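Predicted, not measured: the structure shown is a model, and the values here were computed from it.
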Amino acid sequence: MRHELGFRPFELKLGRWRACASFRFSSGVRTMFLEILAVVTVVAAALLAFGWGGRDEQLAAIGFLAATLATRMIHAEYQQMEYGVLAVDFGLLLGLLALALTSDRFWPMYATAFQLVGLLVHIGSFSEDGSFAWAYAVGLIFWSYAVIAALLAGTWLEGRSRRLAGL
């Protein structure tokens, strides 16, 4: 039984006493919350990169924002391999690889490696029939946060080196 706000009730029965509390979110509310959290995380990382990062951090932030926007425009169900999301992730991988090959910083190499592992999650799901859809989606989400963490580390180190240099 679902309530109007998308909550599932939790009932505890102890003899004649019965307690009911609606504290578990339905999967739709949880999914929407996680999507909002992902977008907020990418936007916050981009704002930090534009505020304290150098050219490399800002280029990566533009790539992350573009990839996030493109991914949100694709209606992905993750029941099978998502070719649209795969194309977006491959484009981001190429951009990060170009950045890693031209940058004098270390973090783009880590971001590229994390993005490559995320791309391999797509390849691994190629033979998947839909019974591991949640694992497919979580695998993509996990490695995208690792890529963002690499950008944040690079932004922090660039900002710290600028502060130490007095710029």
Phe64 CZ to Glu57 CD distance, which is reported to the nearest 0.5 Å: 10.5 Å
I'd like to know if the side chain of Gln58 reaches the main chain of Arg55, judged simply by a donor and an acceptor atom lying under 3.5 Å from each other, with no hydrogens or angles considered. no
What verdict does the side chain to side chain contact (heavy atoms under 4.5 Å, CB included) test give for Phe106 and Leu157, after you've listed the backbone C-alpha separation in whole Å, the side-chain angles of each residue and the deciding distance to 0.1 Å? CA-CA 10 Å; Phe106 72 91; Leu157 291 171; 3.3 Å; yes
Heavy-atom nearest pair, Met81 first then Leu86, reads CE-CD2, 3.4 Å
Lys/Arg-Asp/Glu bridge criterion (N-O < 4.0 Å) met for Glu35, Arg72: no
As an exercise, state the distance from OG1 of Thr41 to CD1 of Ile36, rounded to the nearest 0.5 Å. 11.5 Å
Determine yes or no for a side-chain-to-main-chain donor-acceptor pair under 3.5 angstrom, with Glu158 supplying the side chain and Trp52 the backbone. no
Distance-minimising heavy-atom pair for Phe50 and Ala61: CE1-CB, 4.0 Å
Leu152, Thr155, Leu99 screened by side chain to side chain contact (heavy atoms under 4.5 Å, CB included) with Trp107, the one that passes: Leu99
Please work out which of the three classes, parallel, tilted or perpendicular, describes the rings of Tyr110 and Phe114, given edges at 30° and 60°. tilted
Pair Leu92-Leu119, side chain to side chain contact (heavy atoms under 4.5 Å, CB included): steps then yes or no: CA-CA 10 Å; Leu92 182 60; Leu119 196 69; over 6 Å; no
Considering all heavy atoms of both residues, which atom of Val88 and which atom of Ala67 are nearest to each other, and what is their separation? CG1-O, 3.6 Å
Of all heavy-atom pairs linking Asp89 and Gln115, the shortest is O-NE2, 3.1 Å
Closest heavy-atom contact between Leu116 and Leu93? N-CD1, 3.8 Å
Report yes if some heavy atom in the side chain of Asp56 is under 4.5 Å from a heavy atom in the side chain of Asp104; otherwise report no. yes
Between Leu120 and Trp143, is the side chain to side chain contact (heavy atoms under 4.5 Å, CB included) condition met? List the steps. CA-CA 10 Å; Leu120 292 175; Trp143 291 108; over 6 Å; no
Working to the nearest 0.5 Å, report the span between CG of Leu101 and CE of Met109. 9.5 Å
Please say yes or no: joined through hydrophobic side-chain contacts below 4.5 Å, possibly via intermediate residues, are Ile62 and Leu97 part of one cluster? no
Closest non-hydrogen atom pair between Gly118 and Leu140, with its separation: O-CD2, 3.4 Å
Centroid-centroid distance, His122 to Tyr83, less than 6.0 Å: no
Is a donor on one side and an acceptor on the other found under 3.5 Å between the side chain of Ser144 and the backbone of Ile141? yes
